[in-house]
Amino acid sequence: MLRKILMGAAVLATSSFATFSNFPVPAAQSGEVKIVSDFTMQGDWKDLGLSAKGRFVPVQNLELYLKLPFTVVTRWEGHDADKEGMKNLTFGGRYQIISTVAAFLDVTFPTGKDAINDDGFSFYFGGQYSKDFGAVALGSEVGLTVITEGSNHKKPPMVLSLNAELDPNVSPVVTPYFGATMNIILTNPQANGHKDGETSGDVGISPYVGANIKINQMFSFDVSASFTLGDDYLAATCDDNTKTPITLSASFNASFK
């Protein structure tokens with residue numbers, strides 16, 4: 001059971017919220033750094049993650065992105081699950097084609113601890129549409145995750161991700177937001193070149209809600225909550241474990257120009 005929970009969580013981590021932002025690339029020579037904490041719980045499984053994220057815009061319309069995540073605490077049935085360690089590093093890029101449309105590519109490298117990571121390369125690529133309507137801003141994304149076979153001869157399934165987010169413009173200090181990500185598994189996982197489970201067609205939906213609170217022109221912090229509903233593999237459930245996975249997140253953000 002624990003192995004399948006970790007597999008489902010890995011797919012969600014790879015294909016959800018992968019890009020830095022759904023909204024247009026900022027001005028040239030600007031950037032942002034985030035320290036993010038995520039606490040996830042589902043039944044007898046609990047984990048605490050910490051990640052450093054950064055983006056920089058070296059020239060107009062081109063954004064470069066880096067994410068370095070760690071799992072710092074894991075618990076299974078109240079006991080240490082011994083699944084702590086560095087997770088795979090992600091490096092990506094995003095290009096603003098026109099004011100409302102951007103294209104992106106994220107590559108995740110097998111740099112993390114083998115016991116808690118895929119040991120193949122992960123590619124997440126797609127497009128974004130965003131528009132500020134005045135009272136509310138819309139950000140949306142369509143992406144495809146493809147993970148190569150690693151040295152363990154296992155290949156996770158291909159996943160199509162659809163995301164939409166609304167940011168109401170209610171205050172210059174507090175920006176609430178809410179949205180949802182739908183993950184659709186397109187293929188079955190493979191082991192040694194053979195099918196290793198029935199996941200094709202599985203669908204998972206992860207609604208979320210949060211708020212960004214601005215401290216000043218440079219600093220802000222962010223809080224959010226999300227949960228996942230759907231088929232076993234994507235909801236990280238198995239057997240009679242039907243608990244809904246819930247993730248609480250907080251981040252401290254620093255931007256520069």
Side-chain angles (χ1 to χ4, degrees), residues 7-26 30-36 38 40 49-71 86-97 100-113 116-130 139-150 154-165 179-187 189 204 206 208 222 224 226 228 234 247 249 251 253 255:
M7 289 172 65
V11 169
L12 286 174
T14 301
S15 55
S16 300
F17 318 115
T19 51
F20 198 98
S21 171
N22 283 5
F23 296 93
V25 171
S30 66
E32 187 176 4
V33 176
K34 294 186 177 185
I35 302 298
V36 185
D38 298 297
T40 300
L50 189 67
S51 60
K53 300 180 181 181
R55 65 172 171 177
F56 178 63
V57 184
V59 295
Q60 191 66 38
N61 297 325
L62 176 64
E63 175 184 282
L64 302 178
Y65 161 68
L66 182 69
K67 177 182 178 182
L68 183 59
F70 296 84
T71 299
M86 187 175 79
K87 302 182 75 174
N88 289 343
L89 177 149
T90 298
F91 178 76
R94 191 162 63 113
Y95 187 78
Q96 196 72 38
I97 302 171
T100 57
V101 177
F104 64 86
L105 169 64
D106 290 350
V107 181
T108 300
F109 299 85
T111 56
K113 184 178 178 181
I116 59 174
N117 291 278
D118 293 312
D119 62 352
F121 288 84
S122 174
F123 300 89
Y124 179 60
F125 54 92
Q128 298 177 330
Y129 174 81
S130 61
S140 62
E141 179 174 300
V142 178
L144 184 67
T145 299
V146 178
I147 304 176
T148 65
E149 181 178 299
K154 293 184 178 181
K155 179 178 172 59
M158 189 182 303
V159 181
L160 176 67
S161 298
L162 311 173
N163 173 261
E165 178 180 308
T181 299
M182 176 183 291
N183 291 306
I184 305 169
I185 296 187
L186 303 180
T187 60
S206 300
Y208 61 92
D222 201 285
S224 64
S226 66
T228 300
L234 280 167
T247 298
S249 301
S251 71
N253 319 313
S255 60

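Along the sequence shown, residues carry numbers from 1. Every value quoted in this text rests on a predicted model; they were computed, and no experiment measured them.
- Scanning all heavy atoms of the two residues, the minimum distance from Pro157 to Pro189 falls at CD-CB, 3.9 Å.
- At least one side-chain heavy atom of Thr100 sits less than 4.5 Å from a side-chain heavy atom of Tyr129.
- The side-chain heavy atoms of Leu66 and Phe56, taken from C-beta on, include no pair separated by under 4.5 Å.
- Checking Phe91, Phe20, Tyr95 one by one against Tyr65, the ring-ring contact (aromatic ring centres under 6.0 Å, His included) holds for a single residue, Phe20.
- No side-chain heavy atom of Asp106 sits less than 4.5 Å from a side-chain heavy atom of Thr108.
- Leu144 approaches Met158 most closely through the heavy-atom pair CD1-CG, 3.7 Å.
- Residues Leu62 and Val25 have side chains not in contact (no heavy-atom distance under 4.5 Å, counting atoms from C-beta outward).
- Taking CZ of Arg94 as the reference point, atom CZ of Arg55 lies at 6.0 Å (rounded to 0.5 Å).
- Separating the OG atom in Ser21 from the CD atom in Glu63 is a distance of 7.0 Å, to the nearest 0.5 Å.
- In this structure, Ser51 and Lys87 have side chains that are not in contact, with every pair of non-hydrogen atoms separated by 4.5 Å or more.
- Between Phe104 and Phe125, the distance separating the two ring centers is not shorter than 6.0 angstrom.
- Using a 4.5 Å heavy-atom threshold, the side chains of Asn253 and Val36 count as separate.
- Taking all atoms of both residues into account, the shortest heavy-atom contact from Leu68 to Met86 is CD1-SD, 4.0 Å.
- A 4.5 Å side-chain heavy-atom check between Asn22 and Ser130 finds every atom pair outside the cut-off.
- Side-chain contact check for Tyr208 versus Thr247: every heavy-atom pair is 4.5 Å or farther apart.
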Problem set entry | ring pair (Phe, Tyr, Trp, His ring centres under 6.0 Å) between Phe109 and Phe121, worked out | CA-CA 5 Å; Phe109 299 85; Phe121 288 84; 5.8 Å; yes
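- At least one donor-acceptor pair closer than 3.5 Å links the side chain of Asn88 to the backbone N or O of Thr111.
- In this structure, Gln128 CD and Asn163 CG are separated by 9.0 Å, a value rounded to the nearest 0.5 Å.
- The shortest non-hydrogen separation linking Pro26 to Val57 is O-CG1, 3.7 Å.
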Exercise. What do the steps show when you test Thr148 against Phe123 for side-chain contact (heavy atoms from CB on, under 4.5 Å), and what is the final call?
Worked result: CA-CA 8 Å; Thr148 65; Phe123 300 89; 3.9 Å; yes
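- Taking all atoms of both residues into account, the shortest heavy-atom contact from Ala102 to Gln96 is CB-OE1, 3.7 Å.
- Remark: the backbone N or O of Ser224 is not paired with any side-chain donor or acceptor of Ser249 at under 3.5 angstrom.
- Taking all atoms of both residues into account, the shortest heavy-atom contact from Thr187 to Ile185 is O-CG2, 3.0 Å.
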